Asker: 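Below is one structure. I have some questions about it.
Counting convention: from 1, in listed order, for ligands and their atoms alike. What you see below is based on every heavy atom in this structure, not just the backbone, and it leaves out hydrogens, waters and symmetry mates. Keep in mind it's a predicted model, so treat the numbers as computed, not measured.
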Amino acid sequence: MKIVVGHLFPDYLNIYADRGNMAVLERRAAWRGHELEVVALGAEKPVQPGEHDLYYVGGGQDREQELIAPVLAAMGEPLREAVAGGAAVLAVCGGYQLLGRFYRDRSGTELPGAGLLPLHTLAGERRMIGDVLLECELEAGERRTLAGFENHAGRTYLDEGAEPLGRVLAGFGNDGESGYEGCRDGRVLGTYLHGPLLPRNPWLADWLLAQAIAHRTGQPPLRFERLQDELEAQAHAVSASRARSRGGRY
Ligand code: GLN
């Protein structure tokens, strides 16, 4: 079947090869006989609830975030409607910050957010840079690790009772103190992990594809058969060992 992905602001929010996440989703869908159609969304092409199965937004410098924040904030309502209809979302770093209520950047400017995730972000003095390793449990009883790379000035604070994406095993994470990284609200995932994220964590790519197909079919998310993923496993192992050896240090 055809899976439709809405790629938010691909020309503004795309650093540290975040665009590579699209290539992984496209390949892993094709290996299961599915076609992935990626549609660029932004000021010219708004969010139409129901049209997209999965939304993706990458990271960006404060300057790029400032340029698109008002437009993304105005997409808050249709995005909430799309998510209520079962669409999934993956947001990385600068995109993750702007799915919250606001991001106060290093110049002190408060950038409005889409208000899709229960959090806010304040830029700090020192950037949090390095490899990261998380433990997460998207499905009850299934503990998995996520390995990636972070580079952010923002410190993200989740609201009371909000669910983080994972527990930091090595690295800074949301604020370098809470011991948690990212945020999850059902099928909406936000994270600071670049890399790009999905080539090193194919299980997450499969989880997102399963949610997207569930949106399209109205059926519960299916479970894909495991693929070899040798190279992916090596990339994960290298990233994880780098995180353990030096993650979370200024
Ligand atoms: N500009 C934001 C920050 O510095 C996000 C950076 C990013 O996307 N890597 O925190």
Asker: For Arg106, state whether at least one heavy atom is located under 4.0 Å from any atom of ligand 1.
Answerer: no
Asker: Using a heavy-atom cut-off of under 4.0 Å, does the side chain or the backbone of Asp105 touch ligand 1, or both, or neither?
Answerer: neither
Asker: By number and element, which atoms of ligand 1 are closer than 4.0 Å to a non-hydrogen atom of Gly59?
Answerer: 8 (O)
Asker: Does the ring center of Tyr157 lie less than 6.0 Å from the ring center of His120?
Answerer: yes
Asker: Going by the atom numbers of ligand 1, which of them fall below 4.0 Å from some non-hydrogen atom of Ile15?
Answerer: 7 (C), 8 (O), 9 (N)
Asker: Counting each atom of ligand 1 from 1 as listed, which ones have a heavy atom of Gly154 under 4.0 Å away?
Answerer: 3 (C), 10 (O)
Asker: Under 4.0 Å from a heavy atom of Gly94: give me the atoms of ligand 1 that qualify, with their elements.
Answerer: 5 (C), 7 (C), 8 (O)
Asker: Using distance alone, with no hydrogens and no angle criterion, decide if Tyr12 and Gln65 have a side-chain donor and acceptor under 3.5 Å apart.
Answerer: no
Asker: Between Asp53 and Arg187, is the closest basic N to carboxylate O distance under 4.0 Å?
Answerer: no
Asker: Measuring only between side-chain heavy atoms, which start at C-beta, is Leu146 closer than 4.5 Å to Glu181?
Answerer: no
Asker: Applying a heavy-atom cut-off of 4.0 Å, say which part of Asn151 lies close to ligand 1: side chain, backbone, both or neither.
Answerer: backbone
Asker: Is Tyr103 close enough to touch ligand 1? Criterion: a residue heavy atom under 4.0 Å from a ligand atom.
Answerer: yes
Asker: So for atom CD, which belongs to Glu142, do other residues, nucleotides or ligands contribute more than 12 heavy atoms lying within a distance under 6.0 Å?
Answerer: yes
Asker: Decide, yes or no, whether a salt bridge links Arg167 with Glu135 under the criterion of side-chain N to carboxylate O below 4.0 Å.
Answerer: yes
Asker: Just go through His152, Glu64, Gln61, Gln65 and tell me whose heavy atom is the nearest to atom 2 (C) of ligand 1.
Answerer: Gln65
Asker: Taking distance alone, with no angle check, do Gln97 and ligand 1 share an N/O pair under 3.5 Å?
Answerer: yes
Asker: What do you reckon, does Gly60 put a non-hydrogen atom under 4.0 Å from ligand 1?
Answerer: yes
Asker: Below 4.5 Å, heavy atoms only, C-beta onward: do Ile15 and Gln61 meet side chain to side chain?
Answerer: yes
Asker: Evaluate the criterion salt bridge (Lys or Arg N to Asp or Glu O under 4.0 Å) for residue pair Glu77 and Arg80; output intermediate values, then yes/no.
Answerer: CA-CA 5 Å; Glu77 197 39 52; Arg80 269 189 292 284; 3.2 Å; yes
Asker: Does Arg127 reach ligand 1, in the sense of a heavy atom lying below 4.0 Å from it?
Answerer: yes
Asker: Which of the atoms in ligand 1, numbered in the order shown and given with their element, are less than 4.0 Å from a heavy-atom of Cys93?
Answerer: 5 (C), 6 (C), 7 (C), 8 (O), 9 (N)
Asker: Under a 4.5 Å side-chain heavy-atom rule over Ile, Leu, Val, Met, Phe, Trp and Tyr, are Leu222 and Leu36 clustered together?
Answerer: yes
